[in-house]
Amino acid sequence: MERALQRLTLIHTNDIHSHFEMMSPIAAEIANLKAAAGDEPVLLLDIGDHMDRAAVETEGTMGQANIDMINLTGYDAVTIGNNEGLTFSREILSALYAGLQCPVVCCNILESATGEAPGWMKRHVILKKEGIRIGITGATAAFASFYRLLGWEALDPEEALREQCELLAPQVDLLIILSHLGLPADQRLAEQLQGVHAILGGHTHHMLETPQMINGTAVCGAGKFGRYIGRLIFERAHTGTAFELVSGRCFPVDPSLTEDVLAPAAALHLQNGREVLDETVAITDRELSLDTEGESPFGNLLAQAVRRFTATPISLVNSGQLLGPLPQGNITAGMLHALCPSPVNACIIQLKGKDIRKALEQSRTEAFYNKAIFGYGFRGKLLGSLAVDGLKILYDPGVLPYDNGIAVFVGGEPLDDEAVYSVGTLDMFTFRIGYESLADGAEPLYLLPHFLRDLLRMELQRPGSLDECAVLRWVDGSD
């Protein structure tokens, strides 16, 4: 077979989520794929959520460790995911991406103050590889209300991408979209947009062993956590003719692979992150136990922290946000990070009493407190029971759940099922995750950028908080 005149290899990663233990194996596998391409041009792209503040390296360096890894791996362009855009301030992002050695491409995020993209972000780029013009645009999931609180405007991604693709198509040989929007959105885009050669996807952590071909567009996704790398090979027989996809697949990454550059850098960032997080933030005179199947002092402390921060009469949080008991003695920032790693924020909702009651009743059942939860910022494993503050709940353990087994009081008065209460709770519940009745509230007010571990830190520093969290909210009414 006669060799094509021109060939281009695209290598793509997505949703690595600060799995630093995989970054050296990823780099080693990328090196293997580049070697297989020989002297032919290769483009390396990342589709966002490279950063995740659940990792010590990312939290301790405020993302600088990730920038270092991206630079050392040699990416040609990246887009941002919600874990970059929503868990760091605009100022931190600006400082971080000033040190990035490749363009950040995203067309649907603008600064609220100016109506323009920030200086470190491009709506599109045209990269040239041995005379091949590759147009790249990108978009990220538009959590508009959250972005607005951080000073951003999130545009409709499909409309923004359409505009960029129409602008790029006449100028380039290949048109690529970096989409941190999720597989359903990618499939819609492929159906609606013309002239797009590939949509490299992320956000929903989908792994497509081979691309889905829709309307002539290769829809791709390489899973999560660096376990896979995607590769596309495009060829054209003559300059001026159209490129065609001749090969597309995902390759598993062997965790035992290593190389000499990223491995020591990752170890250094872990050490640096631990040193930063070694700061003492509180000193406790007792251990706070945790019970994710019922009430416990540490769960109560989290509920107190949320109620204080939101200045509401009631708070409801899931104990599964906490991964273990809080020990006695010196409490460091790193300990709070390890015990409460989720980048989850507090919020205020207006909730009917009947919806509060339903969630509390569900909280007593194994189907809920042992329910596995994934995504939406949650970095725990199980949902856990509801911890509360501002409520007193009388229950009869001999009564089956949902058989009027609880009596709920707010400020000494019985909970009114039809009354509306201002409730401090967690943003993930508003997405109908876990205790779904909590999503039936109105007027959600999201309180960014503080995470739950920041609120725990404040509460631990408040005099009397440890005594208060020992007071029972759930009281056995059968005694």
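Numbers for residues simply follow the sequence, beginning at 1. Small disclaimer: the values here were computed from a predicted structure and weren't measured.
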- prompt: How far apart are the C-alpha atoms of His205 and Phe374, what are their side-chain angles, what is the distance that settles it, and do they pass the side-chain contact (heavy atoms from CB on, under 4.5 Å) test?
  reply: CA-CA 11 Å; His205 298 180; Phe374 303 96; over 6 Å; no

field: Residue pair Leu460 / Leu301, side-chain heavy-atom distance below 4.5 Å
entry: yes

- request: Go through the steps to decide whether His203 and Asp49 satisfy the test side-chain hydrogen bond (donor to acceptor under 3.5 Å, both in side chains), and finish with yes or no.
  value: CA-CA 8 Å; His203 187 50; Asp49 275 5; 4.8 Å; no

message: Can you give me the closest heavy-atom contact between Val56 and Gly273, atom names plus distance?
response: CG1-C, 3.7 Å

- prompt: Which pair of heavy atoms, one from Ala142 and one from Pro157, lies closest together, and at what distance?
  reply: CB-CD, 4.0 Å

field: Aromatic plane relationship, His17 with Phe225 - under 30° parallel, 30 to 60° tilted, over 60° perpendicular
entry: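 Phe225 and His17: perpendicular rings.
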
query: For the residue pair Phe431 and Tyr446, does the interplanar ring angle fall in the parallel (under 30°), tilted (30 to 60°) or perpendicular (over 60°) class?
result: parallel

Please check if the side chain of [X] supplies one atom and the backbone of [Y] the other of a donor-acceptor pair under 3.5 Å.
X	Y	result
Asn71	Gly99	yes
Asn345	Asp427	no
Arg307	Gly424	no
Asp173	Arg133	yes

- request: Show the numbers, then the answer: is there a side-chain contact (heavy atoms from CB on, under 4.5 Å) between Asn14 and His180?
  value: CA-CA 8 Å; Asn14 61 274; His180 197 84; 5.9 Å; no

Report the distance from atom [atom1] of [X] to atom [atom2] of [Y], rounding to the nearest 0.5 Å.
X	Y	atom1	atom2	answer
Glu130	Asp39	CD	CG	8.0 Å
Arg453	Arg53	CZ	CZ	5.5 Å
Leu45	Ile177	CG	CD1	12.5 Å
Leu339	Leu322	CG	CG	7.5 Å

- request: Check step by step if side-chain hydrogen bond (donor to acceptor under 3.5 Å, both in side chains) holds for Thr258 and Ser24.
  value: CA-CA 5 Å; Thr258 190; Ser24 182; 3.2 Å; yes

- request: Evaluate side-chain hydrogen bond (donor to acceptor under 3.5 Å, both in side chains) for Ser319 paired with Asp291, printing each intermediate quantity in order.
  value: CA-CA 8 Å; Ser319 59; Asp291 182 359; over 6 Å; no

Check: His450 ring centroid to Phe309 ring centroid under 6.0 Å: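 Ring centroids of His450 and Phe309 are less than 6.0 Å from each other.
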
message: Between Arg462 and Glu468 (salt bridge meaning N to carboxylate O under 4.0 Å), is one present in this structure?
response: yes

query: So, are Arg249 and Glu209 salt-bridged, with charged N and O less than 4.0 Å apart?
result: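 Answer for the salt bridge query: no.
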
Result of checking Thr58, Asn83, Asp52 against Ser18 for side-chain hydrogen bond (donor to acceptor under 3.5 Å, both in side chains): Thr58

message: Working note: His206 + Asp186, criterion side-chain contact (heavy atoms from CB on, under 4.5 Å); need CA distance, chi angles, decisive distance, verdict.
response: CA-CA 11 Å; His206 50 285; Asp186 293 350; 4.0 Å; yes

message: What verdict does the side-chain contact (heavy atoms from CB on, under 4.5 Å) test give for Phe234 and Ile132, after you've listed the backbone C-alpha separation in whole Å, the side-chain angles of each residue and the deciding distance to 0.1 Å?
response: CA-CA 11 Å; Phe234 290 92; Ile132 304 171; over 6 Å; no

CG (Asp260) with more than 12 external heavy atoms under 6.0 Å: no

